[in-house]
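All remarks here apply to the structure that follows.
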Number of protein chains: 2
Amino acid sequence: MKISGSREGTHWQSCHDCTARGFAICAALNNTELRELAQLSRHVRFESGATVFAQANIATSFFSVHKGILRIYKLLPDSRRQIVSFALPGDFLGLSTLPRHEFSADAIGRVALCQVAKESFATFSENRPRLLCRMMELAGRELARAQEHIVLLGRRSAEEKIASFLIGWRDRLNGIGRDGEILTLPMKRLDIADHLGLTIETVSRTFSKLERGGVIQIFAGGVVLLDAARVESLSAGVS
Amino acid sequence: MKISGSREGTHWQSCHDCTARGFAICAALNNTELRELAQLSRHVRFESGATVFAQANIATSFFSVHKGILRIYKLLPDSRRQIVSFALPGDFLGLSTLPRHEFSADAIGRVALCQVAKESFATFSENRPRLLCRMMELAGRELARAQEHIVLLGRRSAEEKIASFLIGWRDRLNGIGRDGEILTLPMKRLDIADHLGLTIETVSRTFSKLERGGVIQIFAGGVVLLDAARVESLSAGVS
DNA sequence: CTCCGGCGATGATCTGCATCAACCACTTCA
DNA sequence: TGAAGTGGTTGATGCAGATCATCGCCGGAG
């Protein structure tokens, strides 16, 4: 297992026209502030599969996802894994201010992140209420998603879990302006299983079942929701 | 089913010497601010079992728990229930700023809450970075708890779930200065089941099993952790 | 070209927890 | 004093999903 990824200090185009700006905490900043924050941050890239940081390690930085997708997960001592969420462009990693990382994060495909030292960020943000409000907004959304996921894990069947996951994933992609006929699923079956509290076999079987029922169509790397309404009603827990 | 509780506008002693002050968002306020916030808020009480607010209703207020315990839950259309968390004194309800309640909350035993209209609170907080930081702190903690619960629901056995719950509950009570030989469990078996993604029977059986093993001792309304170390290791997921 | 390793699908079997059904201890109320 | 309700425990049985095993596909290395 790769423990650390390749970091390069490569800077992309200015924060001003960052593609994730509208979704990230940066949306709350004016141009001056944006430039100021850019001074404090560096841009880092990781190769597919690389670990950005690991649970229980000292957290020295915050990250904001610029490009790519990460899996956010926790491990039990006997190596059972639970993927808490997938992080998308605009997502902020490190909302909790504890001294150690609460979870591990690694790259699914290549990712690019903005990194800011915790201390710098703390002094930068502490007298900028608009930024703090924006962070509260993101934190609230994240919390709402976590609570929805708690319902999914605690009270839904395998089929409902898959359906909810597909709908939730579609909506999140839409939220960052990625819609389209085909719903891309860049993560592996094992990732989906560890996210939904299932095994890889159950995930596979459930996908097959939905395809046999004409509800979805499976491609390499994604699915098409042939009958989106049906997926939605399964996802809602009706029938 | 009771839908709304008995509300009385009864004010208790000033916010200044509120027993929950140290745990609540109010810890970030000085005496002047505290008095100012007190102007905007009212104190409300609910009887045991009363619903404070219900999922999907318009959210007009924030609440801060002063006394008592609430269950925070979501319902599926077919009435499956998932208790997302239990709210204790100091907990803030409504961190997410969405227009509608994300979940329902009802009283376990009698509760007393501080209620503030969302708008008043928004204008009060928007230029008070210390308060916003405090809210971020609470939100971060809440998020961390939710993520831990996601691991519990997704990847732990019934016995581990019960053990984790007992340890987590003990630690939360300790956090607000309620420790003691006997660990009080004011919620019913059904609440515990709906919190841990189990049935009432499995909860009961697992408690019995732990008692038979000499690990805990069951009382009406609580348990004693005879072998706390054992409960902790079960809770950690080590065999 | 073949070999190999990663990934996904699928069949057979097993099992942890749900489900169904009593039953008990208390409490409330007639 | 007993009938009915509430909350919890326990036993018997069933099933959804885990586990174990096999197979096929595909892409990269030699």
Side-chain angles (χ1 to χ4, degrees), chain A residues 1-2 47-49 71 76 78-83 106 108-109 152-165 184-213 216-223 234 237 239, chain B residues 1-2 48-49 71 76 78-83 108-109 152-165 184-213 216-223 234 237 239:
Chain A
M1 187 197 294
K2 282 192 231 169
E47 293 302 318
S48 184
R71 61 179 155 251
L76 295 183
D78 63 353
S79 89
R80 276 174 287 178
R81 184 180 72 156
Q82 175 66 43
I83 295 185
D106 49 39
I108 295 177
L152 179 147
L153 291 170
R155 285 291 176 239
R156 293 176 121 104
S157 70
E159 197 177 25
E160 290 169 342
K161 285 176 175 180
I162 295 286
S164 301
F165 170 67
T184 54
L185 299 172
M187 68 294 285
K188 313 261 172 232
R189 292 286 185 273
L190 182 57
D191 292 328
I192 299 178
D194 283 350
H195 186 44
L196 303 181
L198 298 171
T199 58
I200 186 173
E201 294 93 334
T202 302
V203 171
S204 188
R205 272 187 252 273
T206 308
F207 269 119
S208 301
K209 184 178 167 195
L210 290 174
E211 187 169 46
R212 256 180 278 121
I216 65 171
Q217 189 165 358
I218 304 173
F219 290 103
V223 300
L234 276 172
S239 99
Chain B
M1 187 196 292
K2 280 192 230 169
S48 184
R71 63 181 155 249
L76 294 183
D78 63 353
S79 90
R80 277 174 286 179
R81 184 180 70 157
Q82 175 65 45
I83 294 185
I108 296 178
L152 179 147
L153 291 171
R155 286 291 177 238
R156 295 176 121 102
S157 70
E159 198 177 23
E160 291 168 343
K161 285 176 175 181
I162 295 287
S164 301
F165 170 67
T184 54
L185 298 173
M187 69 293 286
K188 312 261 170 232
R189 292 288 186 270
L190 182 57
D191 292 328
I192 298 178
D194 283 349
H195 185 44
L196 302 181
L198 298 171
T199 57
I200 186 175
E201 294 93 332
T202 301
V203 171
S204 186
R205 271 186 252 273
T206 308
F207 270 119
S208 301
K209 186 179 166 194
L210 290 173
E211 186 168 46
R212 254 179 280 123
I216 64 171
Q217 189 164 358
I218 304 173
F219 290 102
V223 300
L234 276 172
S239 95

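What's counted below: heavy atoms across the whole structure, side chains too, no hydrogens, waters or symmetry copies.
Residue B/Glu201 places a side-chain atom within donor-acceptor reach of the base of C/dC20, judged by atom type and a 3.5 Å distance cut-off alone.
Near-neighbour residues of DNA chain D inside residues 202-210 of chain B, defined by a heavy atom below 4.0 Å, number-ordered: B/Ser204, B/Arg205, B/Ser208. Near-neighbour residues of DNA chain C inside residues 188-200 of chain A, defined by a heavy atom below 4.0 Å, number-ordered: A/Lys188, A/Arg189.
A/Leu196 contributes atom CG, which lies 10.5 Å from atom CG of A/Asp191 (distance to the nearest 0.5 angstrom). In this structure, the separation between CG on A/Leu190 and CD1 on A/Ile83 is 7.0 Å, given to the nearest 0.5 Å.
Using a 4.0 Å cut-off between a side-chain N of Lys or Arg and a carboxylate O of Asp or Glu, B/Asp194 and B/Lys188 do not qualify as a salt bridge.
For the side chain to side chain donor-acceptor pair (under 3.5 Å) test, no residue two or more places apart in sequence or in another chain qualifies with A/Arg189. Residues that satisfy the side chain to side chain donor-acceptor pair (under 3.5 Å) test with B/Thr206, not counting sequence neighbours, are absent from this structure. Not a single side chain to side chain donor-acceptor pair (under 3.5 Å) links B/Ser204 to another residue, sequence neighbours left out. Partners of B/Gln217 according to the side chain to side chain contact (heavy atoms under 4.5 Å, CB included) rule, which considers only residues two or more places apart in sequence or in another chain, are B/Glu211, B/Phe219, B/Val224, B/Leu226.
Counting only heavy atoms from C-beta outward, the side chains of B/Leu153 and A/Gln82 never approach each other to under 4.5 Å.
Proximity of a side-chain donor or acceptor of B/Arg80 to a complementary backbone N or O of A/Arg155 within less than 3.5 Å is detected.
Across the protein-nucleic acid pair, A/Arg212 atom CZ and C/dG11 atom C1' stand 12 Å apart, rounded to whole Å. Per the geometry, CZ belonging to A/Phe219 stands 16 Å off P belonging to C/dG8, to the nearest Å. In this structure, CD1 of B/Ile162 is placed 17 Å from P of C/dG16, rounded to the nearest angstrom.
Protein chain B touches strand DNA chain D; the 5'-most and 3'-most nucleotides with an atom under 4.0 angstrom of its non-hydrogen atoms are D/dG7 to D/dA12.
Residue pairs meeting the salt bridge (charged side-chain N to carboxylate O under 4.0 Å, His left out) criterion with at least one partner in residues 198-210 of chain B, sequence neighbours excluded, are B/Glu159-B/Lys209.
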